[in-house]
Visitor: 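Got a structure for you, questions after.
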Amino acid sequence: MYSRISIIGLGLVLLILFGSAKPILPIIENNTIIIEKLEIEIQGNSTIGKYNCSNSLSYRDTIYLNSNIKNSLKSEIAMNNFDCGNKIMEKDLRTTVKANKFPKSSVTITNIKPFGNNYKCSLNFRITDKVISYQNLVLKNNKESLEGSVNVNFSNIDLEPPTKMGGIIKVKDEFVIYFNLYKG
């Protein structure tokens, strides 16, 4: 009888211990964002209207929020893969960003933190041999993506905006880089 009570008592103690045990691996439900695709879009104006060039690439990565595991993304962007909907504009873009000498640019997003329903991050763009840095950039959190944008001037990265027809057609100095990180 005493051994039965001991076994039942030991069983209850083990049940309580193992029943309240916490998993060794971190629970990552609300603390991760899985990225499936990266899209970069460049928009600007010229003397004859607006232009829009985009580059979409498959990109799989995971962001761990509130963690020291990995809280950054880095991707290289092939400058020859931008689609402007016009071969002449694509050639001008490649010439302007010196794609023969600098075939790839990169985007690095670090220090991603919740900011209300959105996120804040640090962003570095490397275009040609110049790096443009932004702190506390807001990433808008939509159902299917995280979206951000930055205003850039060609002159800030030591590039000349394209011109055509002896300067009759000129691209404005300022343009906007939009990026979408599509969630998985």
Side-chain angles (χ1 to χ4, degrees), residues 33 35-61 63 72-113 115-183:
I33 302 171
I35 303 299
E36 292 287 335
K37 183 171 105 173
L38 171 63
E39 185 176 87
I40 304 286
E41 189 174 333
I42 300 170
Q43 290 183 1
N45 291 302
S46 72
T47 53
I48 59 168
K50 296 181 179 187
Y51 64 89
N52 181 347
C53 300
S54 63
N55 190 344
S56 182
L57 54 137
S58 293
Y59 177 82
R60 183 157 174 84
D61 208 342
I63 302 167
S72 64
L73 301 171
K74 183 173 183 175
S75 180
E76 287 192 337
I77 301 152
M79 296 310 293
N80 287 327
N81 290 347
F82 273 91
D83 179 8
C84 302
N86 178 312
K87 298 289 182 195
I88 295 170
M89 288 179 68
E90 290 165 8
K91 183 180 178 216
D92 287 345
L93 174 67
R94 290 182 191 121
T95 302
T96 301
V97 298
K98 306 172 187 175
N100 288 337
K101 186 174 181 182
F102 304 101
K104 295 189 182 216
S105 290
S106 66
V107 61
T108 305
I109 300 172
T110 59
N111 200 24
I112 304 162
K113 294 179 180 175
F115 179 67
N117 291 330
N118 299 311
Y119 298 94
K120 274 193 175 180
C121 68
S122 297
L123 174 79
N124 289 326
F125 269 119
R126 183 185 47 79
I127 301 172
T128 64
D129 60 345
K130 303 292 180 202
V131 176
I132 309 166
S133 297
Y134 300 89
Q135 302 301 316
N136 296 313
L137 181 73
V138 175
L139 295 174
K140 293 179 185 172
N141 185 20
N142 297 321
K143 185 176 181 180
E144 61 274 338
S145 70
L146 300 177
E147 298 177 358
S149 66
V150 292
N151 293 338
V152 181
N153 289 348
F154 284 104
S155 56
N156 291 350
I157 49 178
D158 295 333
L159 296 176
E160 287 289 324
T163 60
K164 288 286 186 194
M165 298 177 63
I168 294 173
I169 300 172
K170 293 181 183 179
V171 171
K172 306 277 185 196
D173 190 40
E174 183 178 66
F175 60 97
V176 180
I177 300 174
Y178 294 93
F179 54 94
N180 285 314
L181 304 167
Y182 288 95
K183 299 175 193 177

Visitor: Taking the side chain as everything from C-beta on, heavy atoms only, tell me whether I132 gets closer than 4.5 Å to V152.
Guide: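 I132 reaches V152 side chain to side chain.
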
Visitor: Would you indicate whether the side-chain heavy atoms of Y59 and I35 approach each other to under 4.5 Å?
Guide: yes

Visitor: Assess whether atom CD of E160 is packed by more than 12 heavy atoms of other residues, nucleotides or ligands within 6.0 Å.
Guide: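 Not buried by this count: 12 neighbours or fewer within 6.0 Å.
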
Visitor: Please check if any side-chain donor atom of N142 sits under 3.5 Å from a side-chain acceptor atom of E147, or the reverse.
Guide: yes

Visitor: Identify the heavy atoms of P161 and V171 that sit nearest to each other, and give their distance.
Guide: CB-O, 3.2 Å

Visitor: Looking at every non-hydrogen atom in both residues, tell me the closest pair between T128 and S105 and how far apart they are.
Guide: N-OG, 4.3 Å

Visitor: Regarding S54 and D83, do their side chains bring together a donor and an acceptor under 3.5 Å, going by distance alone?
Guide: no

Visitor: Around I169, counting heavy atoms of other residues, nucleotides and ligands shown, do more than 12 lie under 6.0 Å from its CD1?
Guide: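 More than 12 within 6.0 Å, yes.
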
Visitor: Tell me whether the NZ or CZ atom of K120 lies within the 45° cone about the ring axis of F115 and under 6.0 Å from its centre.
Guide: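 Satisfied, under 6.0 Å and within 45°.
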
Visitor: Taking only residues two or more places apart in sequence or in another chain, which ones pass salt bridge (Lys or Arg N to Asp or Glu O under 4.0 Å) with K183?
Guide: none

Visitor: Once salt bridge (Lys or Arg N to Asp or Glu O under 4.0 Å) is applied, do any residues pair with K172, and if so which ones, sequence neighbours excluded?
Guide: none

Visitor: Could you list the residues that satisfy salt bridge (Lys or Arg N to Asp or Glu O under 4.0 Å) with E36, not counting sequence neighbours?
Guide: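 Expected list: R60.
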
Visitor: Nearest 0.5 Å please: distance from the OH atom of Y51 over to the CD atom of E90.
Guide: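 Separation between the atoms: 14.0 Å.
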
Visitor: Do M79 and P103 touch side chain to side chain, with heavy atoms closer than 4.5 Å?
Guide: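 Side-chain contact under 4.5 Å: no.
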
Visitor: Disulfide bond (SG atoms under 2.5 Å apart): which pairs involve residues 73-103, sequence neighbours left out?
Guide: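 Passing the test, one end in residues 73-103: C53-C84.
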
Visitor: Decide yes or no for S145 and L181: does some side-chain heavy atom of the first lie under 4.5 Å from some side-chain heavy atom of the second?
Guide: no

Visitor: What's the spacing between L146 CG and L73 CG if we round to 0.5 Å?
Guide: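 Answer for the CG-CG pair, L146 versus L73, is 9.0 Å.
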
Visitor: Checking T110 side chain against S72 main chain: does a donor-acceptor pair fall under 3.5 Å?
Guide: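 Here the side-chain-to-backbone pair does not exist.
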
Visitor: Which residues pass the salt bridge (Lys or Arg N to Asp or Glu O under 4.0 Å) test with D129, not counting sequence neighbours?
Guide: none

Visitor: Closest heavy-atom contact between L139 and N118?
Guide: O-CB, 3.2 Å

Visitor: Does any non-hydrogen side-chain atom of I77 lie less than 4.5 Å from one of K104?
Guide: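 Of all side-chain heavy-atom pairs linking I77 with K104, none is under 4.5 Å.
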
Visitor: Looking at CG of L137 and CG of N124, how far apart are the two atoms once the value is rounded to the nearest 0.5 Å?
Guide: 11.0 Å

Visitor: Let's go through F175 and N45 carefully: what are the C-alpha distance in whole Å and the side-chain angles of both, what is the deciding distance for side chain to side chain contact (heavy atoms under 4.5 Å, CB included) to 0.1 Å, and is it a yes or a no?
Guide: CA-CA 7 Å; F175 60 97; N45 291 302; over 6 Å; no

Visitor: Given side chains that start at C-beta, do those of F82 and I42 come closer than 4.5 Å, heavy atoms only?
Guide: yes

Visitor: Say you draw a straight line from CG of L159 to CG of D173; how long is it, rounded to the nearest 0.5 Å?
Guide: 10.0 Å

Visitor: Just verifying a value: how many Å separate K170 NZ and I48 CD1, rounded to the nearest 0.5 Å?
Guide: 13.5 Å

Visitor: Ignoring hydrogens, what is the shortest heavy-atom contact between N151 and Y134? Give both atom names and the distance.
Guide: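 For N151 and Y134, the tightest heavy-atom pair comes out as O-OH, 3.1 Å.
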
Visitor: Are side-chain heavy atoms of F179 and I109 found at a separation under 4.5 Å?
Guide: yes

Visitor: State whether a side-chain donor-acceptor pair under 3.5 Å links Q135 with S122.
Guide: yes

Visitor: Counting C-beta onward and ignoring hydrogens, is there a side-chain heavy-atom pair between F125 and I177 closer than 4.5 Å?
Guide: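 Yes; the side chains approach each other to less than 4.5 Å.
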
Visitor: Of all the heavy-atom pairs spanning Y178 and S149, show the shortest one and how long it is.
Guide: CD2-CB, 3.5 Å

Visitor: Check whether N153 reaches the backbone of N156 with its side chain - one donor and one acceptor, N or O, closer than 3.5 Å.
Guide: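 Checked: no pair found.
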
Visitor: Just verifying a value: how many Å separate K113 NZ and N111 CG, rounded to the nearest 0.5 Å?
Guide: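 Output value for this atom pair is 4.0 Å.
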
Visitor: Would you list the pairs meeting salt bridge (charged side-chain N to carboxylate O under 4.0 Å, His left out) in which at least one residue belongs to residues 91-101, sequence neighbours left out?
Guide: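 For residues 91-101, and leaving out neighbouring residues, the salt bridge (charged side-chain N to carboxylate O under 4.0 Å, His left out) pairs sorted by first residue read D92-K164.
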
Visitor: Taking all non-hydrogen atoms of both residues into account, name the closest pair between Q43 and N52 and its distance.
Guide: NE2-ND2, 3.7 Å

Visitor: Please check this pair: side chain of S75 against backbone of T108, looking for a donor-acceptor N/O pair closer than 3.5 Å.
Guide: no

